[in-house]
*Asks:* 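Let me begin by handing over the structure; questions about it come next.
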Amino acid sequence: MDEVLNSQKTALDTRHQKMLIDGKWVDSASGETFEVCSPANLSTIATVPRGRDEDVRSAVSAAERAFPGWSRTAPRQRGRILQQIADKLELHVEEIAKILASESGNALRTQARPEALMVVDVFRYFGGLGSELKGETIPLGENILSYTRREPIGVVGAIIPWNAPTILAALKIAPALCAGNTMVLKTAEDAPLAVLKLAEICSGFLPDGVLNVLTGYGTEAGSALSADPRIRKMSFTGSTATGKVIMREAANRIVPVSLELGGKSPSIVFPDVNEDWAVEGISNAMRFTRQSQSCTAGSRLFLHEDIFDSFLEKLEANVSQLVIGDPLDETSDIGAIINEKQYNKVCGFIEDGLNNTDAKLVFGGMPPTEGLLSEGYFTMPTVFAKKDNKWRLSAEEIFGPVLVAIPWKDEDEVIRMANDSHYGLAAYVWSHDIGRALRTAHAVEAGWVQVNQGLGQAMGHSYGGTKQSGIGREFSLQGMLDSFTQTKNVTVNLMTNRDY
Ligand code: ADP
């Protein structure tokens, strides 16, 4: 594995950032701050306000005040504003990408720049959907007019994680605002800076209070937001454990929730596949170039026993081409793990794999302890082979580049193993026989199955999980309607008193 780390430490100067409440850039009420660090070299990039209850209350009040005006703005006008934001964002893609790479550790070329570009796409897509907030008419007879309206819900609370912060923020902001809601969004403590830049661009076009963006810790600002009685809808992306906390809080007030949570997604490879071609897709599906810090990572690789050894050899040859290094270096394919806690967690899983006598290390292993890569939270793509699906490494979401390969010979057996998980987010099926591939796609318990590809989400498809991977869909018109509107029925008797 090549090592590339250059002297360019970060794209940013160390500086103090503020958060956005009611159209103004403010410090936390307490004046407290915390540091945001580069996972590639552990230097401090910036300090941000440590928002708490009082800041959440101010932000929710601002969003509440802004709601009547924004919800009554014509939907196409709201959409036009989102499109203007998209145009402005497009001019700042490079800046946002560099901030993202610095704070998240995601490599600029393979991850951060494509993420920033997609944020533009998200705003443009939802900006075009203002006219689609349509209701229906119900045919109850000539003298009755019964119709539905898609109305905004109110103040939406949004909480996002650090792994793709600007995309995940955009996927909440754009559809919620298009539908006429206002929002208070809490950024992730490890990667708030690019989202603050996104907020700055949005605030140049939006009325004060329509979008408020807070920085702070989950157990402080996050829990205060999810508990605020004026929040009428919670939209959360993060771990399944925190998703359960958010859902319990919402249950107290019967508030709807959208949850996009974890995954342990299977890749099922049939023996008729073109191996040389499929290894590339398997590596993509595992999201090795984003350190596998992705909920959709295809982290359980079910290989038919006839191709088990040959496929893993080819996979090793393919993955060993990837360059690990400074996220800001254009030649790096793979960057760094977000923080020390995640890094130690990933190392713990690798250690477990190495200590398991039934498992075989195919390639990778513990991270380097010397050299430039030891200066940050860099890990190596690692693959273990084990005969069965029954161990911690194939049950728990690692959120790091540790893939487990499991052999199979019978179609029913592999589907049973693939579905033996409390997660159900994504799945990948690889076969030349399209009938068999689609049969398998239909049998797998997942919200999103890809056949013969391992790509990321695209605008327009309804993305989300089944089982403990979540509730609700994002990326689509359907997702916007289901998550950010409520239906009101109006039934009118067209016979007036005079008609009798
Ligand atoms: P991760 O382990 O990937 O950071 P989390 O689910 O802990 O995933 O974090 C995702 C987001 O949820 C972050 O913005 C975090 O601050 C927030 N969060 C964590 N705990 C809570 C909580 N108890 N209530 C509300 N938000 C929380």
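Bear in mind that the values here come from a model prediction, so they are computed numbers and not experimental data. Heavy-atom basis, side chains included; hydrogens, waters and symmetry copies ignored. Just follow the structure's listing: the first ligand is 1, and inside any ligand the first atom is 1.
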*Asks:* For R287, enumerate each residue passing the side-chain contact (heavy atoms from CB on, under 4.5 Å) test, keeping only those at least two apart in sequence or located in another chain.
*Replies:*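 For R287 the side-chain contact (heavy atoms from CB on, under 4.5 Å) partners, ignoring immediate neighbours, are R290, S294, T296, A297, Y428, W448, Q450.
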*Asks:* Check ligand 1 against E189 and write out every atom of the ligand that is under 4.0 Å from a heavy-atom position of the residue.
*Replies:* 13 (C), 14 (O), 15 (C), 16 (O)
*Asks:* Using the ring of F349 (Phe, Tyr or Trp, six-membered ring only), decide whether R392 places NZ or CZ under 6.0 Å from its centre and within 45 degrees of its axis.
*Replies:* yes
*Asks:* Using a plain distance cutoff, I'd like to know if T242 has any nitrogen or oxygen under 3.5 Å from a nitrogen or oxygen of ligand 1.
*Replies:* yes
*Asks:* Is there a polar contact between ligand 1 and S239, counting only N or O atoms under 3.5 Å apart?
*Replies:*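 Looking only at distances, the answer is yes, because the N/O contact criterion of under 3.5 Å is met.
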*Asks:* Should R65 and D208 count as an ion pair when the cut-off is N to O under 4.0 Å?
*Replies:* no
*Asks:* Could you tell me whether T237 and ligand 1 have an N or O pair separated by under 3.5 Å?
*Replies:*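 T237 vs ligand 1: no N/O contact under 3.5 Å.
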*Asks:* Pairs under 3.5 angstrom only: tabulate donor-acceptor contacts from the side chains of residues 152-168 to other protein residues two or more places apart or in another chain.
*Replies:*
from, atom 1, to, atom 2, distance (Å)
N163, ND2, Q293, O, 3.1
T166, OG1, E115, OE2, 2.6

*Asks:* Suppose we measure from atom 25 (C) of ligand 1 to each protein heavy atom; which comes out shortest, and what is that distance?
*Replies:* G222 C, 3.2 Å
*Asks:* Could you list the atoms of ligand 1 found under 4.0 angstrom from a heavy atom of S223?
*Replies:*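 Listed by number with element: 24 (N), 25 (C).
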*Asks:* What protein heavy atom sits nearest atom 17 (C) of ligand 1, and how far away is it?
*Replies:*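 Its nearest protein heavy-atom neighbour is I159 CG2, 3.6 Å.
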*Asks:* So if I count the atoms of ligand 1 from 1 in the order they appear, which ones are less than 4.0 Å from some heavy atom of I160?
*Replies:* 11 (C), 13 (C), 14 (O)
*Asks:* Does a salt bridge link E330 with R113, judged by any charged N lying under 4.0 Å from a carboxylate O?
*Replies:* yes
*Asks:* I'd like to check which ligand 1 atoms, numbered from 1 as shown, lie under 4.0 Å from a non-hydrogen atom of I246.
*Replies:*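 Every atom of ligand 1 under 4.0 Å from some heavy atom of I246: 25 (C).
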*Asks:* If we only count N/O pairs under 3.5 Å, is K341 in contact with ligand 1?
*Replies:* no
*Asks:* How far apart are the closest heavy atoms of G263 and E397, and which atoms are they?
*Replies:*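 In this case the closest contact between G263 and E397 is N-OE2, 3.0 Å.
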*Asks:* Are S462 and S476 linked by a side-chain donor-acceptor pair shorter than 3.5 Å?
*Replies:* yes
*Asks:* Any idea which of P192, A188, G218 brings a heavy atom closest to atom 22 (C) of ligand 1?
*Replies:* G218
*Asks:* Among protein heavy atoms, which lies nearest atom 4 (O) of ligand 1, and at what distance?
*Replies:*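 Going atom by atom, the protein heavy atom closest to atom 4 (O) of ligand 1 ends up being W162 NE1, 3.2 Å.
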*Asks:* Assess whether a salt bridge exists between R57 and D55, defined as any Lys/Arg side-chain N lying under 4.0 Å from an Asp/Glu carboxylate O.
*Replies:* no
*Asks:* Say whether F236 and ligand 1 are in contact under the criterion: heavy-atom distance to a ligand atom below 4.0 Å.
*Replies:* yes
*Asks:* Tell me whether the NZ or CZ atom of K88 lies within the 45° cone about the ring axis of F205 and under 6.0 Å from its centre.
*Replies:*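 Judged by the rule (NZ or CZ under 6.0 Å from the ring centre, within 45° of its axis), K88 is not positioned above F205.
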*Asks:* With a 4.0 Å cut-off on heavy atoms, is T187 in contact with ligand 1?
*Replies:*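 Contact check T187 vs ligand 1: positive.
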